[in-house]
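This one's a predicted model, so the numbers in the text were calculated from it and none came from an experiment. Both counts, for ligands and for their atoms, begin at 1 and track the order of listing.
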Amino acid sequence: MHIKKIKAIKVFDSRGIPTLKTFVYTDNYITGVSIPSGTSAGKKEAVELRDKSKAFFGKDVTKAIDNVNKIIGPRLVGEFLLDQTRIDNLMIELDATSNKSRLGSNAILSISAAICKAASKELDVPLYQYIARLNNKKIDKKTNFPKPELNIINGGEHAGTDLAFQEFQILPNKNKISQNISMSAEIYLQLKEILSKKYGKSSINVGYEGGFAPNITDPKIALDLMEQAIKKSGYSKDVFLGLDCAANSFYNEKSKKYFVNNKNYSSSQLMEYYADLLKSYKQLKSIEDPFFEEDKNSWKEFTKKYSSKMNIIGDDLLVTNPKLIKEGIDKKYCNSLLLKPNQIGTITETIKSFNLARDNGWKVVVSHRSGETEDSFISDLAFGLNSDYIKFGAPARSDRNSKYNRLLEIEGVYLEE
Ligand code: PGA
Ligand code: ZN
């Protein structure tokens, strides 16, 4: 039950950009976890170490790999595998910065997650079970499955179009995860038919997270298309709508204006725009990053108005950071947390952020990044922590479906009635 060796290698994410896969060597196994990376990252995320050399337009990870293989790994050899908190704290101390900028959140998280998975293997329990144990909770197979938010139209920085909002999501609301994924895949294929008939075959090209990227600029058209697809599939009663506006990406810090559908909006005008959307689309029950991360008065006002009606999710605003989450709770900036392990950099801190949000009555959404690999660690994380929601992209492309398929496997095989 002790760490014998740690080794990182370079692998590639769904965008073709290098990332790390780190292996932990223990008595009986060699266990690897690869980690994701964002495109529209929040300003205060823990620092992902990139080489900034010519290779891969500055995005190579040889320094982060060296940090695992030459600095952190050797320091952790001999540590007890089940001491997740101690090991994470040792890495935080070794890094000795407030944002993991010396050793890199990518280097640190790849080890933290691989140790967690290696421990589950040596104990011969499923990963979700070990994560629940780390959090001192028991699994309830009836209530532990989260509800999915599936992004079936991509815009913002995730698509080659001028659609300002980044994600247009369907939120299926049945109890069983298999039913929810199945319904969503049917709606996805229905949307494909609608798009290709209406706009031609180029409209079914997809963005980073597997959602379609038609050449439209008006968010209302995207919502209309989704409503049609839901209705045609016969699921109008079972499916809500959600948005990740990712407003950082259409906010101009100089002019202090938001640019949506070829028009500039002040904060208060954007607030009116959202009011109109909520009036027109009664099914809209979730909104993420509606405002720029520093436009906190707008966040507060929005939450005051709509908190009882919908989930208002902080992603770039909170970056899975316990200090920022605490501020968000105290000042009522929003009512839900997007939980992304690589925004903070260790499993221990990820669980701490989860509990802080949950204990204060917030909803929690466990989320992928736009640059993903086939790794499904976050599925076990979501199920093991009993998160309210998951956000893993469209029900298409294996970088996304590896996560949904893992949950289907948990439901259909591990927890078979
Ligand atoms: P990112 O996008 O991974 O590119 O940051 C995901 C999100 O904004 O939720
Ligand atoms: Zn987001």
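Between Thr39 and Arg369, the side chains place no donor N or O within less than 3.5 Å of an acceptor N or O (distance only, hydrogens not considered). Between the side chains of Gln166 and Ser249, not a single donor N or O lies within less than 3.5 Å of an accepting N or O. Side-chain contact check for Ser307 and Asn335: at least one donor-acceptor pair (N or O, by modelled atom type) lies under 3.5 Å. In summary, the side chains of Thr373 and Asp13 do not present any donor paired with an acceptor at a separation below 3.5 Å, with no hydrogens or angles considered. Donor-acceptor pairing under 3.5 Å is recorded for the side chains of Tyr281 and Asp224. Defined by atom type and a distance below 3.5 Å, a donor-acceptor pair is present between the side-chain atoms of Glu327 and Tyr333. No side-chain donor-acceptor contact under 3.5 Å links Asn297 and Glu301.
The number of protein N/O/S atoms found under 2.8 Å from the Zn ion (ligand 2) is 3.
The shortest separation from a heavy atom of Ser40 to ligand 1 is under 4.0 Å, placing the residue in contact. Heavy atoms of Leu338 approach ligand 1 to within less than 4.0 angstrom. Under a 4.0 Å heavy-atom criterion, Glu157 is not in contact with ligand 1. For the ligand labelled ligand 1, residue Glu167 lies inside the 4.0 Å heavy-atom shell.
Of the protein's non-hydrogen atoms, His158 CE1, 3.2 Å is the one closest to atom 2 (O) of ligand 1. Nearest non-hydrogen protein atom to atom 5 (O) of ligand 1 is Arg369 NH2, 2.7 Å. The protein heavy atom nearest to atom 3 (O) of ligand 1 is Ser370 N, 2.8 Å. In this structure, the protein non-hydrogen atom closest to atom 7 (C) of ligand 1 is Lys340 NZ, 3.2 Å. For atom 9 (O) of ligand 1, the closest non-hydrogen atom on the protein side is Lys391 NZ, 2.6 Å.
Between Lys305 and Glu272, none of the side-chain N atoms (NZ, or NE/NH1/NH2) sits under 4.0 Å from a carboxylate O, so this pair counts as no salt bridge.
Below 4.0 Å from some heavy atom of Gly38 lie the following atoms of ligand 1, by number and element: 1 (P), 3 (O), 4 (O), 5 (O). Proximity to Asp315 (heavy-atom distance under 4.0 Å) selects the following atoms of ligand 1: 7 (C), 8 (O), 9 (O). Taking a cut-off of under 4.0 Å to the non-hydrogen atoms of Glu288, the atoms of ligand 1 that pass are 9 (O).
Residue contacts with ligand 1 for Asp244 involve side-chain atoms from C-beta outward but no N, CA, C or O (heavy atoms, distance under 4.0 Å).
Open room surrounds NZ on Lys237; 12 or fewer heavy atoms of other groups in view lie less than 6.0 Å from it.
For ligand 1, the polar-atom distance check finds an N/O of Thr39 within less than 3.5 Å of one of the ligand's N/O atoms.
Put simply, the side chain of Ser387 gets close to the backbone of Tyr389: a donor and an acceptor are under 3.5 Å apart.
Checking Tyr404, Phe392, Phe168 one by one against Leu150, the side chain to side chain contact (heavy atoms under 4.5 Å, CB included) holds for a single residue, Tyr404.
Remark: Glu227 engages no residue in a side chain to side chain donor-acceptor pair (under 3.5 Å) (not counting sequence neighbours).
Residues Leu223 and Leu243 form a side-chain contact, since some pair of their non-hydrogen atoms from C-beta on lies under 4.5 Å apart.
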